[in-house]
J.: 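For reference, the structure I am asking about is given below.
Bear in mind the structure is a predicted one, so any value in this text is a computation, not a measurement. Whatever order the structure lists ligands and atoms in, that order sets their numbers, starting from 1.
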Amino acid sequence: MNEIRDILKTMEYGPAPEDGSHVKTWLENHGRKIGHFINGRFVFPEKSKSFGCSNPGNGEKLAKIALGSKADVDSAAKAAAKAFKSWSALSGTQRARHLYAIARLVQKHARFLSVLETVDNGKPIRETRDLDIPLVARHFYHHAGWAELIDSEFAGCVPAGVCGQVIPWNFPLLMLAWKVAPALAAGCTVVLKPAEYTPLSAYAFAEICNEAGLPPGVFNLVNGDGSTGAAIVAHDAFDKIAFTGSTEVGRILRKQTAGSGKKLSLELGGKSPFIVYSQADIDAAVEGVVDAIWFNQGEVCCAGSRAIVQEGIADKFHDKLKARMEKLRMGDPLDKAIDIGAVVDPIQIENIEARVAEGKASGAQCWQPSWAGKQKPNAGCYYPPTLFTGVEPSSRLAQEEVFGPVIASMTFRTPGEAIELANNSRYGLAASVWSQNLDVAFDCARSLKAGIVWINSTNLFDAAAGFGGYRESGFGREGGREGMYEYLVPAWLKDAKKLPAAKPVPTPLPAPEAAGDGGIDRTMKMYVGGKQARPDTGYSYPVLDGKRKPVSQAGFGNRKDIRNAVEAANAASGWASMTGHQRAQVLYFLAENLEARADEFAGRLVRIDGDTKAGAKKQVGASVARIIHYAAWADKYDGAVRAPMANMLSLALNEPWGTMAISCPDDAPLLSFVSLVLPAIAMGNCVVVTPSQTNPLVIGDFYQVLDTSDVPGGVINIVTGERDALAGDMAKHDDIACHWYFGSAEGSKAVEEHSAGNLKATWVNNGKACDWYSLTQAQGREFLRHAVQIKTIWTPFGV
Ligand code: NDP
């Protein structure tokens, strides 16, 4: 035993072990066998395959886990589908009571859950006790509130249906809460698969559901590996799939669910920048690195794994960081005084070692504390904190996830260079910005391509603040109002009819003979960068009237036309920097100018669509009204300011995607075009649009109105031709961030499949018809919501 006076001399930490005996007892009581939870019953199917689960802190075998088969997934899916009927029919208040009961029980069992999570995952008890488990309870409380408010706050929405949820091993119970709480609040039922490495806390959660009296089938748990996850994703019973994990598997899921009509949200990997300006409080920033990359052993999707440090302070910053690293304590995760616990599995250690070896080979300098390698507590999986300096921005170390306690540091000179380095990544999950100069910090936050930006802070989470990525970090948000939408759908969609099959595009011919009009070129040109443009091939196709007689021609666009249109849209990004007020003025002017030519437009619709005069007049009138509607929204679709923690604000900003693709349907060619393009540009996006393939001519008239309405060139780019072929080109294009497709079911499927390349967000109609005249179906917030992505900025406030 240490004498107090000895301790005072060295100030060494003594051991502070947490008692793990209640977890041992729990495991023994279950015969160290963990199965599934299906329809309110715990089952371990007799002939089930199984796998082992162990404590990464000491290698101890913990339990045998049932490996869910397709049949297990099927039973769980059927139970969830059956329970959906009664669960979704409960009032919001009734569902809220269940969620409150779960939240209370999580709090009641907090100590047990903290130890269980630590034993299963290897993360320090300090983190599970102070962060993971309190946040789990917070998520259920917060979403109990949304259940209560659902009718008033989400009017016009209904639950998405039965949800399949697949989660990773880095925050097992917290990821469960992020997915299960909003789903249950919305009225959905759930089948969840935890990660193979960390199945225990989800099983304990199922026991809590039982104890709370949650009706059978509302929450189901199927344990297993990737094959079990794949069986969930493939099962027809699911209306929504929610996934957190690697970008590679996210891409597989995007392809696998394409065309199924399942809603999909993906929370994927990241390589988040940690930017330190010379005006930063360096000591605070050094402590920030500890939380950014050594929290949870760096096994965090939003870990600040790329330090980007201003050159003038880089040496000082690295020296202070090394001094701090020397003092970090790595060891038994159940010891309350350690900073770094165990990595989840020996395989993950191998991954980290391989990445570190690559980093050394690339010429970067590797630094670890003097105690690294000398100390190997127990037989567990431990990896010391590691700093790489002099990292090349293009190296794998700077570009790919290590998912371990390894930070790659590089330097910059000017603020512009910092942003360029930070955005030089295929990911866009999070970022941390350190500067006492708030002008600099907010300017940086605004310019970063990231879903979450922490100013002078890092790794802060709350149920009220949306979390999710840009780019290949996925799409969809978890938490807050925005997270609720992931589990809701517009009520009218449930009964929407199928669109009739599209009329084929007539065979393209070299212009201008196609219409047989004696060599006069009457081809409708495309519209790119504010100028009329001929199609790359020089081919055009006849546009037919209601009696299938050629009346004119339109350019037959191809991949190169799309490429040119995307370039023009990218070059018009100044549109996003205009104020909402300025954009509104342009849009009001556009409405006025369309109204002035209403008769001419109506005539065109009568001639080609065979519309009645009254019908055509109605379409033009509705189009003018729709433009005015979005002009009104241009400066009003606000984000939100939240105060989730004392002295911290989180700002939910609605940011435009940048360049969007829009594939328009054939019906109501003017009104559907306006209904889709206007919300997108009102929010500051630039668009590449394919208008109706059967009647593009009315849009040829419309771009003349654009020319006279001060809409800057490049904001709306129009490429005519075969919708589905062009949609494929747009879905594959890496410089398009979001694609809306309104056409056939097959076309919707192809867009979702091709979008897997850069994981662009998609919004497709799955071949369902929309009544473009309906104010419920074709106008309003649903369109605006899809026209933006939310960036959450956290900032200290009055610290
Ligand atoms: P995965 O993406 O492989 O796994 C995440 C979850 O998906 C697990 O439950 C996994 O099952 C399951 N799964 C695996 N394959 C499929 C499939 N084809 N269909 C459906 N579900 C599937 O991540 P890993 O856990 O293997 O980690 C690999 C890397 O991913 C890490 O090194 C890290 O870079 C990154 N990662 C990112 C996370 C994030 O939060 N963004 C979280 C975890 C990892 P099971 O694991 O049980 O086999």
J.: Just jot down the ligand 1 atoms closer than 4.0 angstrom to any heavy atom of G269, in number order.
T.: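 Result: 41 (N).
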
J.: In terms of side-chain geometry, is the basic nitrogen of E478 or K179 positioned less than 4.0 Å from the acidic oxygen of its partner?
T.: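 Yes.
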
J.: Does one side chain, of S650 or T792, offer a donor that lies under 3.5 Å from an acceptor on the other?
T.: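 There is no such pair (donor and acceptor under 3.5 Å, judged by atom type) between the side chains of S650 and T792.
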
J.: Any ion pair linking E401 and K271 (charged N to carboxylate O, less than 4.0 Å)?
T.: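 Salt bridge flag = no for E401 with K271.
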
J.: I want to confirm something. Looking only at heavy atoms, which of I232, T198, T244 is nearest to atom 5 (C) of ligand 1?
T.: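 It is T244 that holds the nearest heavy atom.
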
J.: Which residue owns the protein heavy atom closest to atom 43 (C) of ligand 1, what's the atom, and how far is it?
T.: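 Looking only at protein heavy atoms, the one closest to atom 43 (C) of ligand 1 is P168 CB, 3.4 Å.
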
J.: Examine ligand 1 and decide if any of its atoms is less than 4.0 Å from a heavy atom belonging to G224.
T.: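 Right, G224 reaches ligand 1.
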
J.: With a cutoff of 4.0 Å, is F243 in contact with ligand 1, counting heavy atoms of the residue only?
T.: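 It does, in that a heavy atom of F243 comes within the 4.0 Å cut-off of ligand 1.
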
J.: Verify whether one side chain among S69 and D72 offers a donor that lies under 3.5 Å from an acceptor in the other.
T.: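 D72 and S69 do have a side-chain donor-acceptor pair below 3.5 Å.
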
J.: Give me the nearest non-hydrogen protein atom to atom 25 (O) of ligand 1 as residue plus atom name, then the distance to 0.1 Å.
T.: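 The answer is W169 NE1, 2.6 Å.
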
J.: Just checking, any donor-acceptor pair under 3.5 angstrom between side chains of K760 and N758?
T.: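 Yes.
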
J.: Between the side chains of E655 and Y470, is a donor N or O closer than 3.5 angstrom to an acceptor N or O?
T.: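 Note: E655 and Y470 side chains meet the donor-acceptor criterion.
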
J.: Is it true that V402 lies under 4.0 Å from ligand 1, counting heavy atoms only?
T.: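 Checking ligand 1 against V402, which is what was asked, there is no heavy-atom contact under 4.0 Å.
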
J.: Once you restrict to heavy atoms under 4.0 Å, what part of Y197 touches ligand 1? Side chain, backbone, both or neither.
T.: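 Neither part.
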
J.: Examine the proximity of ligand 1 to Q348 and report which part, side chain or backbone, both or neither, has a heavy atom under 4.0 Å away.
T.: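 Near ligand 1, Q348 shows its side chain, while the N, CA, C and O stay back.
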
J.: Measuring from atom 12 (C) of ligand 1, which candidate in L67, V166, V344, L429 has the nearest non-hydrogen atom?
T.: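 Among L67, V166, V344, L429, the closest heavy atom to atom 12 (C) of ligand 1 comes from V166.
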
J.: Hey, is V300 touching ligand 1 through its side chain, its backbone, both or neither, going by heavy atoms under 4.0 Å?
T.: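 For V300, there is no contact with ligand 1 at all, from either part.
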
J.: How far is atom 10 (C) of ligand 1 from its nearest protein heavy atom, and which residue and atom is that?
T.: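 Its nearest protein heavy-atom neighbour is K193 NZ, 4.0 Å.
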
J.: Can you sort out which atoms of ligand 1 are near E401, meaning under 4.0 Å from one of its heavy atoms?
T.: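 Those of ligand 1 that fall under 4.0 Å from E401 are 33 (C), 34 (O), 35 (C).
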
J.: Looking only at heavy atoms of M175, does any of them come nearer than 4.0 Å to an atom of ligand 1?
T.: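 Distance cut 4.0 Å: M175 fails for ligand 1.
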
J.: Is the closest basic N to carboxylate O distance between K70 and D74 below 4.0 Å?
T.: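 Judged by the 4.0 Å cut-off on N to carboxylate O distance, K70 and D74 do not form a salt bridge.
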
J.: Does F403 reach the side chain of Q348, with side-chain heavy atoms less than 4.5 Å apart?
T.: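 Side-chain contact under 4.5 Å: yes.
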
J.: Measure the distances from the heavy atoms of N351 to every atom of ligand 1 and state whether one is below 4.0 angstrom.
T.: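 No.
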
J.: Check each atom of ligand 1 against the heavy atoms of A195 and keep those under 4.0 Å away; list them by number with element.
T.: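 Per the distance check, 9 (O), 47 (O).
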
J.: Judged on heavy-atom distance to atom 18 (N) of ligand 1, which of V249, V233, I65 sits nearest?
T.: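 Shortest heavy-atom distance from atom 18 (N) of ligand 1: V249.
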
J.: Check this for me: does any side-chain nitrogen of one of R355 and E358 sit under 4.0 Å from a carboxylate oxygen of the other?
T.: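 Yes, this pair counts.
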
J.: Sub-3.5 Å donor-acceptor pair from the side chain of E753 to the main-chain atoms of K255, do we have one?
T.: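 Here the side-chain-to-backbone pair does not exist.
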
J.: Which ligand 1 atoms are under 4.0 Å away from a heavy-atom of L253?
T.: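 Atoms satisfying the 4.0 Å criterion: 19 (N), 20 (C).
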
J.: Nearest heavy atom to atom 33 (C) of ligand 1 wins, so pick from F51, F403, Y427.
T.: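 Nearest heavy atom to atom 33 (C) of ligand 1 lies in F403.
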
J.: For L268 and ligand 1, does the shortest N/O to N/O distance drop below 3.5 Å?
T.: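 So ligand 1 has an N or O lying under 3.5 Å from an N or O of L268.
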
J.: Salt bridge or not between E472 and R251? Use side-chain N to carboxylate O under 4.0 Å.
T.: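 Looking at R251 together with E472, the answer is yes, because their closest N to O distance falls below 4.0 Å.
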
J.: Look at the rings of Y203 and H30 and say which category their plane angle falls in: under 30° parallel, 30 to 60° tilted, over 60° perpendicular.
T.: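 Y203 and H30: perpendicular rings.
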
J.: Quick one: which ligand 1 atoms are inside 4.0 Å of a heavy atom on E196?
T.: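 This gives 45 (P), 46 (O), 47 (O), 48 (O) as the contact atoms.
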
J.: Is there a donor-acceptor pair under 3.5 Å between the side chain of D130 and the backbone N or O of E127?
T.: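 Side chain of D130 to backbone of E127: no pair is present.
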
J.: Looking at D239 and K263, is any side-chain nitrogen of the basic one under 4.0 Å from a carboxylate oxygen of the acidic one?
T.: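 So K263 does not pair with D239 through a salt bridge.
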
J.: Got the closest protein heavy atom to atom 28 (C) of ligand 1, with its distance?
T.: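 Result for atom 28 (C) of ligand 1: S246 CB, 4.3 Å.
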
J.: Just which atoms of ligand 1 are under 4.0 Å from any heavy atom in N170?
T.: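 Heavy-atom distances to N170 below 4.0 Å select 40 (O), 42 (C).
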
J.: With side-chain hydrogen bond (donor to acceptor under 3.5 Å, both in side chains) as the test, would you mind laying out the steps for S265 and K240 before giving the verdict?
T.: CA-CA 8 Å; S265 49; K240 151 91 193 178; 2.7 Å; yes

J.: Can you name the atoms of ligand 1, numbered from 1 with element, that are less than 4.0 Å from a heavy atom of I167?
T.: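 Those atoms are 6 (C), 8 (C), 9 (O).
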
J.: I need the atoms of ligand 1 closer than 4.0 Å to a non-hydrogen atom of G229, numbered in the order shown.
T.: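 Going through ligand 1 atom by atom, the ones under 4.0 Å from G229 are 19 (N), 20 (C), 21 (N).
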
J.: Is G226 close to ligand 1, meaning an N/O of one under 3.5 Å from an N/O of the other?
T.: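 Yes; the residue has a nitrogen or oxygen that sits under 3.5 Å from a nitrogen or oxygen of the ligand.
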
J.: Give the residue, atom name and distance (to 0.1 Å) of the protein heavy atom nearest atom 40 (O) of ligand 1.
T.: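 Of every protein heavy atom, C301 CB, 3.1 Å lies nearest to atom 40 (O) of ligand 1.
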
J.: What verdict does the side-chain contact (heavy atoms from CB on, under 4.5 Å) test give for F467 and I452, after you've listed the backbone C-alpha separation in whole Å, the side-chain angles of each residue and the deciding distance to 0.1 Å?
T.: CA-CA 7 Å; F467 187 96; I452 308 114; 3.5 Å; yes

